[in-house]
Amino acid sequence: MTTLPAFAALDPTHDPAAKSWLASANGHADFPIQNLPLAVFRRAGSAEAWRGGVAVGDQIVDCAALAGLGTLVGGAMLSADALAAVRLASQPTLNALMAAGAPARRALRHGLFAALHSSAGAAVQNALQRCLVPQAQAQYALPSQIGDYTDFYTSIHHARNVGRVVRPDNPLTPNFQWLPIAYHGRASSVVVSGTAFRRPMGQAMAPGEAQPAYGACKRLDYELELGFWVAGRNAMGEPIALAQAEDHLFGVCLLNDWSARDHQFWEMAPLGPFLGKNFCTSVSPWIITPEALAPFRRPFVRPADEPQPLAYLDHASNRTAGAIDIQLSVAIGTEQHRQRGLAASEVSRTTFAHQYWTPAQMIAQHTVGGCNLNAGDLIGSGTISGPAPTEAGAIVELSRGGQQDVLLSATGEVRRFLQDGDEVVLQGWCQAPGAARIGLGQCCGIVLPATAP
Ligand code: CA
């Protein structure tokens, strides 16, 4: 019998039959009590302090209110470790909770699971009721003060699809199958879902032209990605071994790496992405923990006829359960969708299980040269595209480099790149036999017209 790594271990918090006394949690598509993701929030339109919260059903458990119940009530409800974690989560960012790592996060999960479970006593239910804020009344902030942001490039299908646009005869670079490729991104322009941004100005070289032109981006794109929030830290010069890499994964969110393709493809030789990527990156507010994702872990399998990972990127725990089956979709909404009250039109659907490298391999690679990661850092997975054309995670792939129309089914409109007023909606969820469905929620952003300086 194979022993599963700790990040894939199941316990009573994964019981699909577990129910909450909070009716909206039971059967909730995203936030049943088996999920319990974290975000930073306050009541919309208020001047309240930002603080951490935990989603359950259509409510948020307000960690500051819970910490404020005091030791008498809180101590009767939660263990000392769980109460300490709630206090860390009651701050305006989750950096302190992220620094405390897996033990604090697990104590919080187990404490809240018990308090929200249908078997919780009346006193616990009454006390916790006073700490609930409806999600419909909430606004969200970034969950951490992000020190550094790195974006990987780890989908072989995306690399081949985009590579064909740039290098038709040699789409895959020789390093791709040997190491998880990345570039250091820009933390200052990472925003929480729902934040609008301006179409970027910049320089591009149109085909057949003698010199580049300055202007608004003409090939604006999105990238369907996952974001990984870093837990704990490693000292500079001390790499994180693959076997310990998951200890540094605090949780997962949706991430949209908005991309100005015309600017990007002109500027990125020979040094890599710069202005084509640094004007906006959107993340979903809720962080799904490794504990919640445990039932959806999958083996990491590299086909026998492809290069096998070098020893420092290989470990039994990564082979056994390094991959995660997170289902993902992309939808585009337009002004016409909004006027007619229509939901955004889905344009693709795939799973993170196709990714060529795992989160643990990305963390190990990031630090192998001695680079230090800090709690609250953000790591992007790179665009997530599956093997089928309908599984592409960017519109440049769906439109074959802008050569084909992409149909928006709800209105019959077509797109080759994004237009002003377009909204992109990323969604993620996990389903598996014997497990309760959980969701990541949504990551949304809307394109505003450019303003020239
Ligand atoms: Ca990207």
Side-chain angles (χ1 to χ4, degrees), residues 146 148-167 171-173 175-176 179-191 193 195 197 200 202 217 219-230 252-269 271-284 326 328-330 347-348 350-352 354-359 361-363 365-366 377-386 391-399 401 417-418 424-426 428 440 443-445 447:
I146 304 168
D148 283 293
Y149 161 52
T150 301
D151 197 21
F152 276 85
Y153 186 71
T154 61
S155 163
I156 196 166
H157 307 292
H158 171 70
R160 285 194 172 119
N161 292 343
V162 174
R164 274 187 211 107
V165 176
V166 189
R167 299 174 299 277
L172 203 61
T173 55
N175 53 1
F176 186 90
L179 58 84
I181 298 169
Y183 65 94
H184 287 119
R186 185 75 194 166
S188 65
S189 52
V190 178
V191 298
S193 173
T195 309
F197 67 95
C217 169
R219 292 162 76 92
L220 185 63
D221 201 350
Y222 57 83
E223 290 190 339
L224 166 67
E225 302 195 20
L226 291 177
F228 307 121
W229 297 98
V230 171
V252 178
C253 67
L254 297 161
L255 185 151
N256 187 341
D257 175 26
W258 303 94
S259 299
R261 299 296 182 199
D262 41 355
H263 303 166
Q264 177 195 348
F265 289 162
W266 169 234
E267 77 183 357
M268 71 183 283
L271 279 189
F274 183 38
L275 305 186
K277 297 281 192 175
N278 75 0
F279 54 94
C280 185
T281 303
S282 303
V283 292
S284 58
I326 299 175
L328 298 157
S329 71
V330 182
V347 292
S348 62
T350 188
T351 166
F352 183 62
H354 292 308
Q355 212 73 351
Y356 204 75
W357 299 99
T358 65
Q361 287 169 321
M362 295 180 216
I363 289 168
Q365 176 69 18
H366 202 309
D377 283 358
L378 177 63
I379 294 173
S381 63
T383 307
I384 301 164
S385 298
E391 292 180 272
I395 206 167
V396 71
E397 296 172 63
L398 293 173
S399 70
F417 290 97
L418 297 174
V424 175
V425 182
L426 311 182
L440 284 75
C443 180
C444 310
V447 183

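Each ligand, and each atom within it, is numbered from 1 in the order the structure gives.
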Atom of Asp257 nearest the Ca ion (ligand 1) (restricted to N/O/S, atom name only):
OD2
Output the distance between atom SG (Cys217) and atom CD (Gln264), rounded to the nearest 0.5 Å.
10.0 Å
Restricting to N, O or S atoms, which atom of Glu225 is closest to the Ca ion (ligand 1)?
OE2
Should Thr350 and Leu224 count as side-chain neighbours, where that means a heavy-atom distance under 4.5 Å?
yes
If I take atom CG from residue Asp148 and atom CG from residue Asp377, how far apart are they, to the nearest 0.5 angstrom?
5.0 Å
Can you check the angle at the Ca ion (ligand 1) formed by OE1 of Glu223 and OD2 of Asp151? Round it to the nearest 10°.
160°
Give me the one residue out of Asp221, Thr383, Asn161 that meets side chain to side chain contact (heavy atoms under 4.5 Å, CB included) with Val396.
Asp221
